[in-house]
Amino acid sequence: MKSIFFRKWYFWMCVLSTYFSLYAQKDYKLWLQYTPITNPETVANYWENVQNVISTENSETLNIARSELKEGLKSMLGDHFDISKKADNIIVLGSFKSLNEKMKNQLKYDFDKIKKDGFIIKTLIEKDLKTTVITAKNDIGVLYGVFNFLRLIQTNKSIEKLNIIDSPKTDIRILNHWDNLDGTVERGYAGSSIWNWQKLPEFIDQRYIDYARANASIGINGTVLNNVNANALILTPHYIEKVAALADTFRSYGIKVYLTARFSAPIEIGGLKTADPSNPEVIKWWKEKANELYKAIPDFGGFVVKANSEGQPGPQNYGKNHVDGANMLADVLAPHGGIVMWRAFVYSEHDANDRAKQAYSEFVPYDGKFKENVLVQVKNGPIDFQPREPFHPMFGAMTKTPLMIEFQITQEYLGFSTHLVFLPKLYEEVLQSDTFSEGKGATVAKIVSGKINDHVLSGMAGVANIGSDLNWCGHPFAQANWYGFGRLAWNPDLSADSIANEWLRMTFSNEENFVKPIQKLMLQSRETVVNYMTPLGLHHIMATNHHYGPGPWVSNLSRPEWNPTYYHKADANGIGFDRSDTGSRATAQYFPEIAKQFNDIKKCPETYLLWFHHLPWDYELKNGKTLWNGLALQYQQGVNEVHDMQATWNRMQAYVDETRFKEVQMLLKIQYEEAKWWRDACLLYFQQFSKKTLPDGVEKAAHNLNYYQSLQFPFAPGI
Ligand code: BDP
């Protein structure tokens, strides 16, 4: 009796766990679902094209490319795809030199156009014989070509007659993991770090391989394994062998490993008394460290450095400057081909002036002084990864220095991994901003890709949102931000629209009834979060430390620029930070065309109004409403939009697996409640100064201000 019961129980447990793992795997598989193509006509067409894959060469990367192609096709085309069948229609895969002479002649012209890591996907037709060639200058280019080809099928595009010639527009397409050696992730909201330092180097988690594959599928070619607030221990032999094991795992996916370097490491792990960059002992220590690193990891990428920023050590501790620090490290890496990414995220605790101006003031005078293998890494905006910021004025201002852009993929200031926010919309807004540094058309995208001033190095960094969560990113839609970052790093001119479209098709479904409304929802989601958090140019009004939820009242932190009151400056007269000519003159850091616009209240885009101006509560907005009413209505609009997102998602059950459908549904419910929390807390607080009633259409707060001010989040993640 007992055993029958047990057998039944066991049977159902197996069924259930298979069921759950099947669905759980969907979350884990990211955008590489390779769901079977359902449209029979399309299948027939694809089938005709892909009955055989020919590749003569061997290398680890090409083997990966070949099996990715075969597995992808098999999964999407099912029984129709039979690799063993002899057929007329074939795919040829391989480096250019492996192609036959005839193909080489046919592709020669295209081949000259691609750059390193670029690829060609071309259909060659001769009589009835159709050949699809995927070729490149190097093996990794072939792998990128394969992922591109599979994406076409995944997104229901025709592969009948292909003529794709594509190359990445930036060289360094890199994730920055703010992962600590103890397994926590600074500003991480998807579990703990995926690097298992304790089990490395012997144990290679399958996740590392899946991580590398996912990154390669979107063209990411670098990873910084550890936090910018660095621990010097990562540079000890104990960790270097672990880092080397990861580098070995990632190599065939075209991914180089980089580390953050703590500037005081020569003291902490080297036993020296100083880390002064001009001290010969210090230089010798770094040289030897570089030799040691390159011995273990011959293609080690280089260092990211956060120096003299938020308490991190740096050259200024020794009376030296950023150039001295960066160039010293650049010199030790140069013989090995390594680079330095020196961060420009600095603001001074002794400078009472506008924080938004400080990075520019500190770095621009150094233009032209950095060594060739140094890139200066600049955040997208002048403050700190806010829901909306104008582009950083350093873009365009340092013509002799390659500037990398740094975006945050993890949502530190945008609702963690709880809120659905499609960040490529934010990235696109910044990348397409015109700096006017070389007349019209000098967009941030062009500067970052090195096009404007012809830099050899170029790059884009994204602070990763990846963790040990089953679905990697904590929210099914947060995966789209990792994906979108990679796609934009490859081509900063891609549109957020097209990225959302392809991601949805690859991750969920090709059903138009699903793709259309959800694409719209994604594209709107960034504006929505701005509406309910920081409308009209407000910024940095998040709660202390964890930055989750509203805290516009915070004014007691030791440094003025850590306090939200410093940023919104609300008082009886009005609200906003005057950065115009009558205020901090931060507008003057932009090129004249832009400066004029931001400076003039009438011309300043209302999206940046309170970023640049302090205005009376009765100030009349473009829509004729007073500033107070406009602000209140915009908060309300944010709330309404989340409500609409919920309604839209609820209609999608038929197109989404149950697990992900429910996950998103639950998360949107929290987002809705929290949008109301933002609206109520901010409006109650600002109302103390405006002394005005809420306009019609704005719901009354559920609690009083004291309640919102009393909320505590003791173990909020990511700190
Ligand atoms: C801020 C984060 C902090 C980071 C810092 C940085 O709050 O955790 O260390 O940026 O980028 O946004 O260095």
Side-chain angles (χ1 to χ4, degrees), residues 174-182 184-190 193 224-231 234 258-264 303-314 316 322 325-326 340-349 355-356 358-359 362-363 375-389 392 394 403-417 421 423 426 430 460-467 481 485 533-534 539-549 551 554 557-559 561-564 566-567 713 716-719:
I174 194 166
L175 289 181
N176 284 195
H177 288 267
W178 286 359
D179 291 19
N180 298 311
L181 298 181
D182 65 3
T184 57
V185 181
E186 183 158 338
R187 311 308 178 186
Y189 314 108
S193 170
V224 187
L225 300 176
N226 60 324
N227 194 353
V228 284
N229 296 317
N231 187 325
I234 194 79
Y258 300 74
L259 294 173
T260 57
R262 185 161 165 87
F263 204 76
S264 52
F303 292 136
V304 172
V305 188
K306 172 175 177 177
N308 295 119
S309 158
E310 298 186 326
Q312 293 300 307
Q316 290 172 358
H322 290 293
V340 174
M341 291 169 271
W342 193 267
R343 294 178 87 228
F345 177 64
V346 295
Y347 57 97
S348 159
E349 56 190 299
R355 168 174 163 185
Q358 293 173 9
E362 216 171 308
F363 273 85
L375 292 115
V376 172
Q377 184 167 315
V378 185
K379 288 192 182 181
N380 59 271
I383 298 283
D384 196 4
F385 298 138
Q386 294 303 295
R388 169 166 279 131
E389 296 191 37
H392 203 303
M394 280 176 70
L403 298 188
M404 284 179 84
I405 195 164
E406 177 178 323
F407 286 117
Q408 208 175 34
I409 310 174
T410 190
Q411 292 168 235
E412 174 181 355
Y413 295 96
L414 291 104
F416 292 5
S417 62
V421 184
L423 290 175
L426 182 163
V430 177
M460 207 191 273
V463 181
N465 63 348
I466 296 162
N481 296 334
F485 167 78
M533 284 188 184
T534 53
H539 51 287
H540 220 302
I541 56 172
M542 290 76 190
T544 305
N545 224 351
H546 51 74
H547 299 150
Y548 195 70
V554 176
L557 303 177
S558 58
R559 286 175 60 167
E561 73 290 335
W562 285 349
N563 290 305
Y566 167 93
Y567 295 98
F713 300 90
I719 304 173

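Counting begins at 1 with the first residue of the sequence. As the structure lists them, so they are numbered: ligands from 1, and atoms in each ligand from 1.
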Honestly, for Val463 the part within reach of ligand 1 (heavy atoms, under 4.0 Å) is neither
- Message: Donor-acceptor pair, distance only, cut-off 3.5 Å: does the side chain of Tyr566 make one with the backbone of Arg355?
- Response: yes
Does any part of the side chain of Trp342, heavy atoms only, come nearer than 4.5 Å to the side chain of Gln377, both counted from C-beta?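 Counting from C-beta outward, Gln377 and Trp342 never come under 4.5 Å.
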Just wondering, do Ser193 and His177 contact through their side chains at under 4.5 Å, heavy atoms?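 Contact flag for His177/Ser193 side chains = no.
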In the protein, what heavy atom is nearest to [atom], and what distance, to one decimal place, separates them?
atom	result
atom 10 (O) of ligand 1	Lys379 NZ, 3.0 Å
atom 12 (O) of ligand 1	Asp384 OD2, 2.6 Å
atom 7 (O) of ligand 1	Glu412 OE2, 2.5 Å

Give the atoms of ligand 1, by number and element, whose distance to some non-hydrogen atom of [X] is under 4.0 Å.
X	answer
His547	7 (O)
Asn229	9 (O)
Lys306	4 (C), 5 (C), 6 (C), 9 (O), 13 (O)
Glu310	4 (C), 5 (C), 9 (O), 13 (O)
Phe345	5 (C), 6 (C), 10 (O), 11 (O), 13 (O)

Mind checking whether Arg187 has an N or O less than 3.5 Å away from an N or O of ligand 1? yes
Review point. Going by distance only, is there an N or O of Glu186 that falls short of 3.5 Å from an N or O of ligand 1?
Key: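 N/O-N/O distance below 3.5 Å exists for this pair.
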Note: Pro717 and Gly188 closest approach over all heavy atoms is CB-O, 4.0 Å
- Under 3.5 Å, is there a donor-acceptor pair between the Asn465 and Tyr189 side chains?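 No.
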Quiz item: Does some non-hydrogen atom of Arg343 fall short of 4.0 Å from ligand 1?
Solution: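 Distance cut 4.0 Å: Arg343 passes for ligand 1.
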Of Gln358, Glu310, Glu561, the one forming a side chain to side chain donor-acceptor pair (under 3.5 Å) with Tyr347 is Glu310
Across all chains, not counting sequence neighbours, the side-chain hydrogen bond (donor to acceptor under 3.5 Å, both in side chains) partners of Asn180 are Thr184, Asn227
- Output the distance between atom CG (Asp179) and atom CZ (Arg187), rounded to the nearest 0.5 Å.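 If we round to the nearest 0.5 Å, Asp179:CG and Arg187:CZ are 14.0 Å apart.
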